[in-house]
Each structure stands twice: as C-alpha cells, then as structure tokens.
J.: 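Once you've had a glance at the structure underneath, I'll fire off some questions.
Numbered from 1 within each chain, the chains take letters A, B, ... in sequence-line order. What you see is a predicted model; the values in this text were computed from it and never measured. Any value given below was found using the heavy atoms of this structure, including those in side chains, with hydrogens, waters and symmetry copies removed.
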Amino acid sequence: MKNSPLSTRFRIPASFGSLLGLAVVFLLFSLWAGPPFYSRYNQVTMLTQSVIVAAGALGMTLIIIAGGIDLSVGSMIALSTVVIARALLAGAPPTWAALAGVAVGGVCGALNGFLVTRLGLVPFIITLGTLLIFRGAATGLSGEQKIDAPITWLNEMLTKFPSPSWTLVAVGVWLTVLLAIAVAVVLRNTVLGRHAFAIGSNEATARLCGVRVERVKLYIYTIGGLLTGFAGLMQFSRLTVGDPTAAKGMELDIIASVVIGGGSLSGGRGSVAGSLAGALLMTIIRSGLSMKGVPNWVQDVLTGVIIVGAVTLDRLRRESGGSE
Amino acid sequence: MKNSPLSTRFRIPASFGSLLGLAVVFLLFSLWAGPPFYSRYNQVTMLTQSVIVAAGALGMTLIIIAGGIDLSVGSMIALSTVVIARALLAGAPPTWAALAGVAVGGVCGALNGFLVTRLGLVPFIITLGTLLIFRGAATGLSGEQKIDAPITWLNEMLTKFPSPSWTLVAVGVWLTVLLAIAVAVVLRNTVLGRHAFAIGSNEATARLCGVRVERVKLYIYTIGGLLTGFAGLMQFSRLTVGDPTAAKGMELDIIASVVIGGGSLSGGRGSVAGSLAGALLMTIIRSGLSMKGVPNWVQDVLTGVIIVGAVTLDRLRRESGGSE
Amino acid sequence: GGSNAPHRLTIAVIPMGTTHEYWKAIHAGAVKAAREENVELVWKGPQKEDDRTQQIAVVEDMVSRRVNGIVLAPLDGTGLAKPVAEARRAGIPSVIVDSGLQGEDYISFIATDNYKGGRLGARRLAEILNGQGSVIMMRVMVGAESTMRREQGFLDEIRNFPGIRVLSDNQYGGITTETAYQTGENLLNRFPDVNGVFCPNESTTFGMLRALTDAGKAGKVKFVGFDSSEKLIAALRQKQLHGLVLQNPFRMGELGVKTVVRHIRDPHAPIEKRIDTGAVVATPENMDTPEIRQLLVPPVNQYL
Amino acid sequence: MPAPYRIEMLGLRKAFGATVALDGVDLCVPPGVVHALIGENGAGKSTLMKVLSGVQRPDAGRMLLDGDPYAPSGPLEARRRGVVMIYQELALAPHLSVAENILLGIEPASRGWIRRRKLEEQAREALAALGHGEIRLHAPVSGLSVGAQQLVELARALVLDARVVVLDEPTSSLAAADLSRLFEVIRRLRERGVSVIYISHFLEEVEQIADRFTVLRDGRSAGGGLIGEADRSRIVEMMIGRQISEMFPRLPHPTGEPVLELADLAAPGVRSASLVLRRGEIFGVAGLIGAGRSEMLRAVFGLLPVRRGWVKVATVAGPGSPAERLAQGVGLLSEDRKGEGLAQSLSLADNLTLSNLKPYLRHGWLDRSAQSRAALDWVEKISIKAPGPRVPVFSLSGGNQQKVALARLLHHDCDVLLLDEPTRGIDVASKAQIYELIGKLAQTGKAILFVSSYLPELLGVCDTIAVMCRGRLGEKAPAGEWTEHAIMTAATGAREAAR
Ligand SMILES: Nc1ncnc2c1ncn2[C@@H]1O[C@H](COP(=O)(O)OP(=O)(O)OP(=O)(O)O)[C@@H](O)[C@H]1O
Ligand SMILES: Nc1ncnc2c1ncn2[C@@H]1O[C@H](COP(=O)(O)OP(=O)(O)OP(=O)(O)O)[C@@H](O)[C@H]1O
Ligand SMILES: [Mg+2]
Ligand SMILES: [Mg+2]
C-alpha cells in the first residue's frame with residue numbers, strides 16, 4: 001500500500017499494537033480472576049515465568065528480522081543447562097559455569113550461521129538438522145539422564161524473593177530487560193542491525209549494495225545463540241538440574257512470541273518490544289487460565305482463541321489507524 | 001524442437017534430487033545394516049511407518065505451494081482419530097466412521113482457510129491458534145483419555161500382511177499412493193493447481209490475473225485438511241484407539257518432509273514426489289539407525305547430519321546439472 | 001468468599017499430565033477424598049503434557065492463587081523442589097505422590113516403589129520364560145525418574161537369571177504411542193528371534209503390543225508391561241500379554257489429598273514421611289480376582 | 001603516465017546454460033566520457049554491466065580499471081574500487097527508510113554505530129541533486145511510487161565517490177522534468193572525470209547525453225563510435241540488422257460505442273477522473289510521476305477502493321474485483337512487473353496464460369502441451385527472446401519480461417486494455433512492433449487506455465490524450481492538437497496554477 005505520510009507513525013505500531021493486545025488481555029484476566037491474578041506476587045511470578053521464552057525470543061527476533069529462522073533453540077537451551085550442570089559438578093565456580101552455558105549457545109549459533117551461509121540451504125532445514133544434533137549432544141553429554149548440580153547462587157537468579165528487596169524482581173529478570181534494551185539499540189543504531197533489516201527485507205539488494213551478507217548472518221546467528229545460551233542459563237536456574245530433555249518444543253513458543261509481536265517470517269520486520277509482549281502474552285494467558293483451574297483442554301482452546309484474537313485486534317487497530 | 005531438452009530438464013529436479021538423496025541413503029544403510037534392513041519385510045514396515053507423515057505431507061505440499069503453512073495438522077490427526085473412535089463406539093459402520101474422520105479433517109482445514117482469508121493474519125499465527133484449539137477439542141471430546149474402539153477392518157488398513165498377498169503392501173499404502181498421484185495431477189493439470197502455484201509465487205500477480213485468491217486458498221486448506229484427515233485415519237488404523245495425544249509435534253516432521261522434498265516456505269515451489277521422498281527419507285534413517293542399535297542420542301545426531309547432508313547433496317547436484 | 005459458612009479448604013492436585021487413564025485414576029481417588037473431607041479440589045496439570053517448566057509454572061500459579069494445600073506428582077525430582085519450597089515458605093504444605101522429590105519441604109511421599117515394580121516385572125518375565133531366552137527392554141524417555149527406576153529394577157533383577165540374555169536395552173520409545181510403536185517394530189525386525197519383552201509404562205507397552213500383533217508375534221513372544229488400560233486388559237485376557245505390573249494410582253490420589261488435609265487441620269499430627277502404595281503383577285490367571293480387578297479398572301466413573 | 005582508458009573490458013564471454021549472453025565483447029571507456037550501450041532486448045547489455053559490477057563472473061575475458069587488472073569478487077569489491085551500478089530492476093529493501101536505502105552498505109558509522117545525522121544529510125544532498133529534496137527520508141520505500149523508488153536508486157550512485165557509474169535504463173519510470181535533472185547530474189559527473197555507462201532504449205536520450213556509443217547484438221559488439229557521427233537509422237540498423245520502416249504505423253481504426261466510462265472517480269491518489277473510452281479508441285494519459293495515473297487504472301480494475309463516482313464497463317456500472325473485471329474483458333498491465341506484473345518463479349507459459357486457462361481445459365484437465373504451444377505462438381508473434389515456453393520468467397531479460405506481461409493481455413483477448421507504461425524497457429524495434437500491435441487491436445474494436453511518461457509514443461500512437469495532474473484528469477483532446485510542450489505545460493502548469 002502506498003501511504004507515504006505515515007512514515008513517522010510507521011515505526012511505532014509493530015510493537016505498540018502487541019503491547020495494546022497485552023494490556024487488554026491482562027485487564028480481562030484481572031477482571032475475571034481477581035486479586036490473586038493481579039497481585040504483585042503473581043505479577044512477579046509471571047515475569048519470572050516469561051524470562052526463558054523472552055530471552056530466547058530476543059535472539060529469535062534478530063534472526064527472523066534477518067530473514068532466517070532457528071528451530072534449534074530448544075535443543076540449545078537443553079545443551080546449555082547440561083553444560084552448566086557439568087561445569088558445576090566439575091567444580092567450576094558458578095560464574096564460569098554460567099559463562100560456559102552462554103558460550104555454548106554462542107558456539108551452537110555460530111555453527112548454525114556457518115552452515116546457513118556455507119551450505120546454501122534454507123535455515124529451516126539446517127536448524128532442523130541441528131535441532132537433532134544439539135539435542136543428541138545434550139543427551140550424550142549428560143549420560144542420558146538429568147545431571148544434579150550443587151545448589152549455587154545461579155539457582156537464585158529467578159527467585160521470587162530477591163534479596164535486597166528494593167530490587168523488586170529477580171536479577172534474571174533485570175538481566176533480560178537489559179539484554180532487551182541492548183538488542184533494541186543494536187537493531188536501531190548499529191550498522192549490523194540495519195544490515196540485518198536490509199538482508200531480511202531484500203537479500204539480493206543487500207548483496208548488490210555491498211553488505212557482507214554472509215558475515216552479517218554469521219554474527220546474527222551467533223548473537224542469537226548467545227542470547228539462547230542465556231535463556232539456557234535461566235532454564236537451569238529454574239530447574240536446578242542439567243536436563244537434556246528441557247525446552248523440547250519450546251522453539252514454537254519462541255517463534256510464536258516473535259510473530260505475535262509483529263515479526264514477519266519472510267524477514268525485514270520485527271521488534272524487541274513486540275516479541276517481549278508476545279512472550280508475556282502467552283504467560284499471562286497460561287497463568288490466568290491455570291489459576292482459574294479450567295480443564296486443560298478448555299485452556300488449550302481458549303489460548304488458541306485468545307492468541308488469534310489478540311493478533312487480530314492488533315491488525316484491526318493498525319488498519320483503522322493506518323491507511324488513508 | 002530446440003527448447004524441449006531444457007524444458008524437460010527444468011521440471012524434474014525438484015523431486016528428482018530428493019529421490020536421488022533417498023536412494024543414496026537407502027543404499028548406504030543397506031550396506032551398513034545388512035539384510036535385516038533391506039529385507040522385504042522391513043521395506044514393507046518402513047512404507048507402513050511412513051504413511052501417516054506422507055499423507056499429511058501431501059496436504060502440506062499443497063498449502064506450502066500456495067504460500068501458506070499449517071501448524072495444526074498434528075492436532076487435526078489426533079482429533080480425527082478421536083472422532084473415528086467415538087463414531088465406532090457409537091455403533092457407526094467402519095466406513096462411515098472413516099469418512100467422519102476424513103471429514104473432520106476437511107472441516108478443520110476449511111476453518112483454517114476461512115480464518116486465513118478473513119482475518120488477514122499470517123497463516124503461522126492462525127494455525128498456531130487452531131493447533132491449540134483442535135488439540136483441546138480432541139482432548140475434550142475424548143474425555144481426556146484414549147478411546148478404545150472395537151477392532152474393525154479399519155485396523156487392517158496398514159497391516160504388514162495384506163490379505164490377497166499379491167497386493168504386496170497394505171491397502172492404506174496403496175490409498176496413499178493413489179492420493180499422491182491425484183494431488184500431483186491436481187497440481188499439474190487443473191486450474192486450481194496452477195492458481196495455487198501462482199498465489200504462492202506472487203500473490204499480487206495472481207490477483208492481477210483475476211485469480212480468486214481467497215477462494216483458492218479456502219479450497220487448498222480444505223483439501224489439505226481432508227488429506228490430513230486421511231492421515232488421521234491411518235493413525236487410527238495403526239493405533240486402534242482414538243488418542244487425543246497422538247501426533248504431537250508431527251507438524252514439524254510433516255513440514256520437514258515437504259521442505260526436504262524441495263518445497264519452499266515462501267511459496268511457489270514444491271512437489272508431491274519430493275515430499276514423499278522426504279517422508280520416506282526420515283523413516284529410513286530412523287529405521288536404519290535403530291536397526292544398528294546405536295544409542296538414541298547418537299541416532300539424533302546422525303539423523304540431523306543425514307538430513308542436512310541429503311539436502312545439500314540435492315542442491316549440489318542441482319547446481320552442477322542445472323543452470324547457474 | 002463473603003459467605004458465613006466455615007471457610008472450605010482448597011486443595012490443588014497437580015499431575016504430570018491429564019490425558020491418561022493413570023492420571024484419571026489419581027484424579028478419581030482425589031475426588032473421593034475431597035468429598036469425604038469436604039474440601040474443594042483444583043485438578044490442574046501442566047498445559048503441555050510432561051513439560052517440567054510448565055509444571056513448575058502451575059505450582060507457582062497455585063501458590064499465587066493461595067490454595068491451602070498441594071498434592072503434586074513431580075515431573076522432575078530436582079526442578080520441582082524449589083517451587084515446593086517456595087510454596088512452603090508461603091505457608092502452603094505439599095504432599096508428593098507417584099514420583100520422588102528432593103529435599104525436605106514436603107509432608108509425605110506417597111508412591112509405588114518403582115524400582116521394586118521393575119524387579120517384579122523381571123521376575124514375572126523370567127518365570128514365564130522358565131529362566132531361559134533372550135529378551136529386550138524398550139525404555140520410555142531420557143530423564144524420566146519413575147520409569148528410569150523401573151528400567152533399572154528390571155535390569156538388576158534379570159541379571160539374577162543366568163539363562164536370560166538382554167539383547168537390547170538402549171532404545172527409547174518416546175512418550176507417544178506411535179513413536180513407541182515404530183521403535184517396537186524396528187526392534188522386532190532387528191531381533192526376529194526374541195523370546196521376551198519388557199516395557200516400563202503404558203504407552204510403550206501398548207506401542208509394543210501393536211508391533212507384536214502386527215508382526216504376528218503377539219502371544220508367542222512373552223510380554224510383560226506396566227500399568228493398565230482397556231486395550232492392555234483385553235490383551236491380558238487373550239494371553240498376548242503375560243503380565244502387567246500394576247500400581248495403585250487411585251489410592252495415591254486418595255491418600256494424597258487426605259494426608260495434606262490432615263496436616264492442614266492439625267499441623268502436629270504424626271505423618272509418615274514415606275507411604276508405599278504397593279505394586280503387584282496382574283496375570284491372565286489372577287486378573288479376575290477382586291483385588292487385581294480393582295487395580296486393573298479403578299472406579300473412575302464413580303467419581304468423575 | 002595515466003592509462004588512456006578508465007575501464008577496459010576485453011573479450012568477455014558469459015553463458016547461462018545453453019544461452020550465450022556475451023560472446024566476446026570489448027568495451028573501453030575513457031575517463032570523463034558518457035558512453036551509451038544500446039541494443040535489442042536480450043542483447044546482453046545488463047549482463048555485461050553485471051560482469052563489470054561484480055555480480056556475474058565472466059567465463060572468459062579480462063578487465064582493466066585505470067590500467068590495473070580488475071576482477072571483482074563481488075559487488076562489494078566493485079564498489080570499493082569505485083564502480084557503482086544502478087540496476088535495471090529496482091533493487092530496494094522495502095522495510096528500510098529512504099535514507100537507509102540510499103546509503104545501504106556504506107553507512108557513515110563510527111565503530112559500528114550509525115551516525116544518523118550524517119546519514120540523513122548525505123541522503124538529502126543526493127536527493128536534492130536530483131531535484132527531489134521533498135522525498136521524506138524516514139518513509140519506508142515500500143510506500144513510494146515506482147518513480148520515486150527509481151529516484152532513490154539513482155541517489156545511491158551519487159553518494160559515492162565513483163570512478164565508473166553504470167546506469168541501466170534509469171529513466172524507464174522517470175518523467176521529463178526528472179530526466180533533465182538527471183542529465184545535469186550526469187554532466188556534473190562527467191566534468192569530475194567520472195566515466196558513465198548509460199544503457200537506454202530511448203535513442204533521443206542517448207543523443208542528448210552520450211559522447212560515444214556501442215551497439216550490442218546477440219552478445220557481440222555490432223559497432224559503435226561517436227554519437228555526433230551516427231544517425232538514428234544507422235544505429236537502429238546496427239541493433240536489429242534492418243531499418244524500421246515506420247516507428248508509429250498509423251492504422252485506420254474507426255471508433256464505436258463507449259465501453260468504459262469513469263464519472264468523477266475518486267480513489268486513493270485520484271481526486272477526480274472522468275472519461276469515456278470508445279471501442280476502437282486509443283486514449284493516452286500523460287502526467288508527471290505521482291500524478292495518480294496508475295492509481296486511476298488500479299481503481300478501475302478493482303485493486304484500489306473507489307471512494308466516489310463510478311466506473312461503467314460496457315453497460316454495467318459499479319465496482320468490480322479484478323476477477324470480475326477480467327470476466328468483463330478489462331485487463332491491466334502493471335507498471336511494476338517484478339513486484340506485481342509477473343510471477344517470477346513460474347514459467348513463461350504459466351505467466352502468459354494465467355488469467356485465462358479455459359482454452360486448455362479438456363474435461364476440466366489442463367492440457368499442458370496445448371498451453372505450451374499457445375505460449376510458443378505468442379513468443380513468436382511478438383518476438384519474445386526465450387529458450388522455450390517452460391523457462392522461468394526470471395531468466396528472461398527485462399524487456400522480454402515486459403513482453404510476456406503484455407502478451408498475457410493479448411492472450412486473454414481483453415476488450416479494454418489498461419496499459420500502464422507498456423513499453424517500459426522495451427527496445428526500439430519491439431516498440432514499433434508493439435505500437436503496430438496496439439493499432440491492430442484498435443482496428444479490431446478493442447479500446448485502449450494508454451498511460452505513459454514517454455510523450456513521443458503518446459503523440460504517435462494515441463487518438464486522444466488527456467493530462468493528469470495531481471490526481472485530476474484534464475479534458476481530453478485529439479492527439480493532433482497536442483504537442484510535447486503543451487502536454488508538459490498542462491502537467492506542470494496546472495500544478496503551479498493550483499498552488
Ligand atoms: N540469470 C539468468 N539465467 C539465464 N539466462 C539469463 C540470465 N540472465 C540473463 N539471461 C539471458 O541472457 C541474455 C542477455 O540478457 P540481458 O539481461 O543482458 O539483456 P539486456 O540486453 O539487458 O536486455 P533488455 O534490454 O531487455 O534489458 C538473455 O537472453 C537472457 O535471457
Ligand atoms: N516523488 C515522490 N515523493 C513522494 N511520494 C510520491 C512521489 N511520487 C509519487 N508519490 C506518491 O505516489 C502517488 C502517485 O503514484 P504514481 O507515481 O504511481 O502515479 P502515476 O501518475 O502513475 O505516476 P507514474 O506511473 O508515472 O510513476 C502519489 O499520490 C504520491 O503519494
Ligand atoms: Mg537489461
Ligand atoms: Mg504509475
């Protein structure tokens with residue numbers, strides 16, 4: 001559509017719309033489920049519950065904006081938890097173990113990026129392959145069982161009772177917020193970020209204009225992997241074990257967050273705020289319905305309806321505010 | 001005619017490449033795993049095991065060619081098994097129960113198509129929603145447990161010992177082959193098929209050429225749903241129960257088959273033969289590795305490597321043989 | 001509630017999943033106890049079956065909702081320990097059923113001894129094989145505590161029978177019937193001369209049963225499984241299955257709710273830290289005795 | 001001692017499968033010279049330039065840049081060495097802003113951080129040099145018209161300190177006013193010693209701006225020299241091997257009853273348009289870019305909502321979807337052949353017959369060989385250069401793609417043809433052929449609404465012409481009463497009057 005006067009209005013909606021959907025859903029649940037739902041304690045709980053998917057969605061936002069996709073994130077998270085647990089068992093200090101977990105995500109991401117740029121296959125196939133490979137590696141590394149690691153402060157990163165109580169929420173939530181801001185800034189204000197948009201928007205053009213497409217993709221997948229490694233750290237913090245079966249199928253939740261938040265699977269569109277809103281939306285729906293104790297199958301149906309509804313709302317809003 | 005060699009060369013590769021990959025993988029496993037693997041009995045077993053994913057992949061091929069995607073197929077299969085079991089329990093003759101199972105797939109597909117064309121959302125979101133809705137419906141309808149149905153000839157549709165032994169493989173396999181031919185012919189030789197390609201290739205062009213984009217999409221999703229319903233029938237035939245948890249996550253296998261077979265998630269490309277080859281490839285890998293008794297995690301890793309390898313092989317072959 | 005009736009207790013029962021006969025039996029037992037104790041019951045499983053993270057979330061949701069007590073079948077002995085500890089901190093006591101939990105933050109642990117269950121299965125299989133032959137064991141999934149203990153129990157016990165050889169014990173059937181079915185088919189194609197099979201849960205047992213039936217080997221290969229469902233009972237009757245290790249999920253649910261309610265009403269009441277609900281083997285011979293009958297077909301319809 | 005030539009291309013060869021696009025081409029351009037590259041559609045012009053800019057690797061031959069060996073590994077290296085190219089097919093990233101597109105790949109940055117102020121400043125300067133400082137720098141380019149998008153692409157060439165600038169049909173969507181500004185920019189480049197290679201099918205443009213020229217034919221040089229020394233007919237002869245007897249063949253075609261009427265039509269981009277199109281009439285619409293001509297056609301065809309007024313086809317008034325319009329015998333040729341006009345990955349035959357598959361149905365089944373045969377007929381009839389009916393459209397040269405798009409309307413046998421820049425990117429000989437075709441269509445009673453920015457063809461082909469200005473369609477008058485000057489005055493003068 002040709003709507004040039006909208007240029008300034010154009011940048012906000014992608015995220016604003018999903019934030020609106022989020023607010024509406026939160027309000028409806030607050031009315032329905034009452035104080036237990038909107039209590040501060042439950043708000044903190046929901047934030048904590050969203051962190052893993054949200055952190056994964058940060059990386060996925062980058063990758064999807066650059067026109068890619070990463071199906072292997074769930075497996076990466078599992079591998080990361082296993083590596084952290086193994087490191088702790090081997091006596092590494094918690095900080096090092098955590099860094100190792102994040103780093104292994106980065107390595108996996110770099111491998112994805114390398115294969116995507118070298119083999120010339122669609123990322124769907126590559127990361128479908130590495131989904132299996134990383135999962136297998138996690139299982140093999142763990143000796144086909146959960147790895148119990150000693151309890152350290154890593155397991156406190158997502159506590160609901162943060163120790164200086166003025167911090168309000170756990171350090172893991174704050175870290176995720178900081179990372180989100182960092183990713184948003186990278187996307188907006190760095191050459192890498194703009195090139196990611198350019199590649200997702202029109203790869204041939206980007207190449208013709210001298211963008212180092214391969215290198216940018218490699219960076220993007222690697223950064224995405226590091227963020228997923230961070231999600232793995234958060235997962236470990238929550239589970240307190242290295243679990244090779246963790247986060248199975250979570251790739252769908254993570255991709256869904258990005259798409260609900262306005263990301264386009266054909267690339268060039270997506271926003272950090274939107275993806276976070278998407279992740280929160282799913283937690284809110286789950287928590288609200290779970291709290292009311294509706295049967296699981298009803299919860300499934302309602303979740304489906306609400307997701308479609310919230311995104312439709314977003315679209316309608318954009319249209320009425322948009323064209324003309 | 002000077003142009004015929006090129007034109008013929010042009011049509012085959014999409015499927016031929018994956019068939020080649022399939023043949024190579026089969027050969028390698030035959031050498032490695034020996035007679036137990038390539039025995040006629042195991043061949044029949046593998047064909048039977050592939051039927052469900054293959055049938056689902058037929059519908060997905062149509063949908064992907066038209067530029068869409070359907071994440072809800074796994075849930076549709078589950079719903080279909082539940083409906084068949086319920087119908088049989090209610091005393092319906094097996095034929096009617098089977099038709100009901102296929103029909104419910106069609107209804108689900110039509111709903112997907114309707115929402116995709118009416119709400120103006122990307123099919124990823126719509127079918128993510130209906131994935132949950134259909135799964136919830138299946139669980140609710142089944143009373144949250146497997147439904148035992150009386151044994152009928154439906155459960156013989158995928159037997160490994162077909163009764164007139166000259167039929168070689170079970171009737172379900174033959175039906176799938178017939179459906180595959182039908183879908184291939186529809187894609188090649190009907191207006192609907194050509195319009196599906198046009199929409200997937202460039203929706204704006206299709207609209208410009210007077211293609212009733214909405215109607216075609218509705219048909220495509222409905223036919224896809226019917227084929228998925230048939231996959232549900234096959235699943236029922238194998239399990240002999242209506243199982244609301246059946247085929248969880250199978251959407252990824254089905255989509256992967258289509259993509260391995262040369263389908264493009266951005267639409268306009270895909271082939272029936274390729275998708276079938278993709279489905280068979282995955283079964284062969286699993287069966288072969290399982291036959292050698294390698295640990296499951298090694299199996300995961302190798303499966304990932306082989307998928308990527310087979311598709312890379314296909315691409316290399318296409319490049320050296322084809323243009324550019 | 002602003003009613004003048006005495007405040008009714010709310011008890012959350014959190015299974016590992018909801019779509020399974022086994023959990024239905026636990027649910028029914030819990031309902032029975034809830035009726036008898038006049039408490040309100042919230043039955044809530046993780047939305048994604050068998051997903052640890054989601055089960056943690058459900059426990060947290062129930063804490064936010066401020067239920068009075070929790071009965072939990074933890075998917076993960078370690079991962080669920082922290083939410084249970086947090087619940088305790090928030091003043092909400094928990095009883096653990098079915099599968100163990102680390103730490104001391106719960107009142108009681110009510111379950112089958114899964115390891116013993118696995119050994120029972122091994123003994124039954126050895127018995128019908130007369131201590132001779134080659135067997136396979138199909139596993140369920142990596143990291144699932146209760147089934148891993150059954151698998152271990154089976155392997156440890158079968159070793160006591162020198163005439164029995166384990167051909168394969170490293171293949172996983174996965175959590176759906178279809179994947180178990182395919183793994184079963186592949187195993188049977190690979191070992192055409194197998195004499196006995198053991199499967200450590202319902203879905204693998206059923207998947208293997210389908211594979212055996214398909215290959216025309218049902219009844220010929222000696223087969224011992226775990227847990228019950230209609231199809232498995234029918235197979236037992238037709239001697240396609242030669243043994244089913246049965247737990248008592250109904251009792252687990254019932255005792256779970258009763259125990260937590262007892263603790264809430266009297267925090268100082270003495271409660272056993274570990275309650276074994278027992279495991280027995282159902283065979284084609286004993287399946288019609290009332291005790292076994294009740295375990296094979298728990299009185300679910302009476303309560304749900 | 002400086003090399004006499006800025007760029008030397010020697011013995012270049014390039015084949016795509018069986019198609020030999022370049023067959024030993026030599027081209028040498030000194031600094032400070034505007035060198036025109038001309039030739040039929042599919043002659044290999046774009047391919048030659050893609051080799052120069054590093055997009056395609058030659059199969060044989062070598063290149064020198066200022067006397068140094070030059071074999072770019074990709075567009076990036078070419079740009080680094082000062083070779084800048086504006087491609088024939090629009091190549092923009094639709095989600096990025098105008099400014100970001102202009103400086104894509106060469107963003108001013110310090111340590112990876114984009115310096116937005118500088119970026120916008122440079123972009124604004126480049127646009128101002130083209131006389132379009134008004135284009136909003138923050139707007140995503142997907143919201144711009146085709147003409148504005150082409151300006152954005154041109155601006156790309158100006159922000160770099162280039163040694164060689166290649167312009168591949170830069171004017172196919174530009175209006176006259178923009179053209180003269182572009183020429184000014186080219187002259188400035190020439191003064192700075194930049195070598196400019198200019199590809200165009202408009203010989204009058206070439207005469208105006210170029211110093212030298214080379215004619216390509218079937219991947220070979222067919223001649224060249226100084227522009228001043230060659231006359232047009234000789235160039236045409238070099239291109240196609242024969243003379244064109246008449247550029248605008250006039251075929252007698254009586255007009256009949258009205259088949260398309262617009263009454264005070266308003267739509268997004270169109271403020272008011274009224275016209276009556278009769279059977280056998282060729283009705284031209286002139287205007288500047290952004291005048292809303294395309295929008296008018298799209299509203300008629302049902303691709304844009306009608307806000308006011310009505311459209312009447314034959315005797316039926318009312319809105320219609322594209323499918324209904326096609327059923328009524330109205331067809332639209334889109335100005336954006338890459339984005340909308342053609343399904344690039346489908347075959348030539350599929351594209352050509354897409355809107356009308358009925359003739360190839362046998363009991364509901366498509367007879368693909370009949371479809372291919374029909375496509376082959378059209379390929380011959382309007383001389384589309386293609387290896388066969390089943391090749392994907394993206395492998396055709398730009399001009400041949402345009403012919404496929406046009407052939408679809410002819411194949412559909414539309415009664416009313418809405419042609420939006422139908423000869424965009426088409427070579428001189430083919431143009432003459434298409435004009436003749438349009439004349440013949442009118443003779444058989446078809447009605448044609450002909451939107452074009454190329455005034456000579458409007459004046460040469462049309463019976464009546466109206467000028468559109470800022471969304472309003474002016475009064476029509478017989479073509480004979482218009483001159484280029486009068487049209488331009490109507491298109492711009494009215495704009496000033498409206499202020
Ligand atoms: N990617 C490709 N694959 C196959 N053939 C190609 C490809 N690109 C160009 N060709 C062929 O090479 C020949 C030359 O094409 P080119 O685009 O250079 O022509 P051109 O002179 O620029 O024509 P036009 O004036 O129509 O733009 C044509 O026959 C075309 O079909
Ligand atoms: N230079 C420009 N800057 C900004 N917007 C423009 C510009 N040119 C056109 N537009 C937008 O495009 C709309 C008109 O579209 P378009 O240019 O396709 O009309 P047209 O008369 O068909 O011109 P042409 O087909 O010659 O490009 C205008 O309403 C305006 O919003
Ligand atoms: Mg060209
Ligand atoms: Mg226009």
Side-chain angles (χ1 to χ4, degrees), chain A residues 67 69 71-72 75 115 118-144 244 248-249 251-253 255-256 259-260 263-267 295-312 314-316 319, chain B residues 67 69 71-72 75 115 118-144 244 248-249 251-253 255-256 259-260 263-267 295-312 314-316 319:
Chain A
I69 196 155
L71 298 179
S72 71
S75 303
L115 293 175
R118 286 308 161 89
L119 297 187
L121 302 182
V122 288
F124 187 92
I125 287 286
I126 300 274
T127 58
L128 182 76
T130 54
L131 177 159
L132 293 163
I133 295 172
F134 299 155
R135 180 71 66 182
T139 317
L141 189 64
S142 69
E144 304 199 301
K248 221 166 226 183
E251 57 275 2
L252 211 58
D253 291 343
I255 296 171
V259 177
I260 291 174
S264 155
L265 289 178
S266 48
N296 269 22
W297 67 270
V298 179
Q299 187 169 336
D300 273 347
V301 172
L302 288 179
T303 308
V305 171
I306 296 174
I307 288 179
V308 173
V311 183
T312 308
D314 174 25
R315 192 192 67 100
L316 291 180
E319 267 185 13
Chain B
I69 196 155
L71 298 178
S72 71
S75 303
L115 293 175
R118 287 307 161 92
L119 296 188
L121 302 182
V122 287
F124 186 92
I125 287 285
I126 300 273
T127 58
L128 182 76
T130 54
L131 176 159
L132 293 164
I133 295 173
F134 299 155
R135 180 70 67 182
T139 316
L141 189 64
S142 70
E144 302 197 298
K248 220 165 230 187
E251 57 276 359
L252 211 59
D253 288 344
I255 296 172
V259 178
I260 290 173
S264 156
L265 289 178
S266 48
N296 268 47
W297 68 270
V298 179
Q299 200 165 319
D300 273 349
V301 172
L302 287 179
T303 307
V305 171
I306 295 174
I307 288 180
V308 172
V311 183
T312 308
D314 174 26
R315 191 192 68 101
L316 291 180
E319 266 183 16

J.: If you count heavy-atom pairs within less than 4.5 Å of chain A, which of Ile307(B), Val259(B), Leu115(B) leads?
T.: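 The option with the most such pairs is Val259(B).
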
J.: Heavy atoms, side chains only, cut-off 4.5 Å: are Leu119(A) and Val308(B) in contact?
T.: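 They are in contact (side-chain heavy atoms under 4.5 Å apart), so the answer is yes.
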
J.: Quick one: of Ala137(A), Ala138(A), Gly120(A), Gly249(A), who has the most non-hydrogen atom pairs under 4.5 Å with chain B?
T.: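 Winner by heavy-atom pair count: Gly120(A).
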
J.: Could you pull out all donor-acceptor pairs under 3.5 Å where a side-chain atom in residues 123-132 of chain B meets a protein atom, sequence neighbours excluded?
T.:
| from | atom 1 | to | atom 2 | distance (Å) |
| --- | --- | --- | --- | --- |
| Thr127(B) | OG1 | Leu71(B) | N | 3.1 |
| Thr127(B) | OG1 | Pro123(B) | O | 2.7 |
| Thr130(B) | OG1 | Asn112(B) | OD1 | 2.8 |
| Thr130(B) | OG1 | Ile126(B) | O | 3.4 |
| Thr130(B) | OG1 | Thr127(B) | O | 3.3 |

J.: For Ser264(B), check side chain to side chain donor-acceptor pair (under 3.5 Å) against everything at least two apart and list the hits.
T.: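 For Ser264(B) the side chain to side chain donor-acceptor pair (under 3.5 Å) partners, ignoring immediate neighbours, are Ser266(B).
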
J.: If we define contacts as heavy-atom pairs under 4.5 Å, which of Ala256(B), Pro244(B), Gly309(B) has the most with chain A?
T.: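 Looking at each of Ala256(B), Pro244(B), Gly309(B) in turn, Ala256(B) comes out on top.
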
J.: Could you check if a side-chain atom of Thr312(B) sits within less than 4.5 angstrom of a side-chain atom of Leu121(A), using non-hydrogen atoms only?
T.: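 Result yes, sub-4.5 Å side-chain heavy-atom pair found.
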
J.: Name the member of Ile69(A), Leu252(A), Val122(A) that forms the most heavy-atom pairs with chain B at distances under 4.5 Å.
T.: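 Looking at each option in turn, the highest pair count goes to Leu252(A).
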
J.: Give the C-alpha distance, both sets of side-chain angles, the deciding distance and a yes or no for side-chain contact (heavy atoms from CB on, under 4.5 Å) between Asp300(B) and Ile133(A).
T.: CA-CA 6 Å; Asp300(B) 273 349; Ile133(A) 295 172; over 6 Å; no

J.: For Asn296(B) and Glu144(A), work out which heavy atoms get closest and say how close.
T.: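 The answer is N-OE2, 4.2 Å.
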
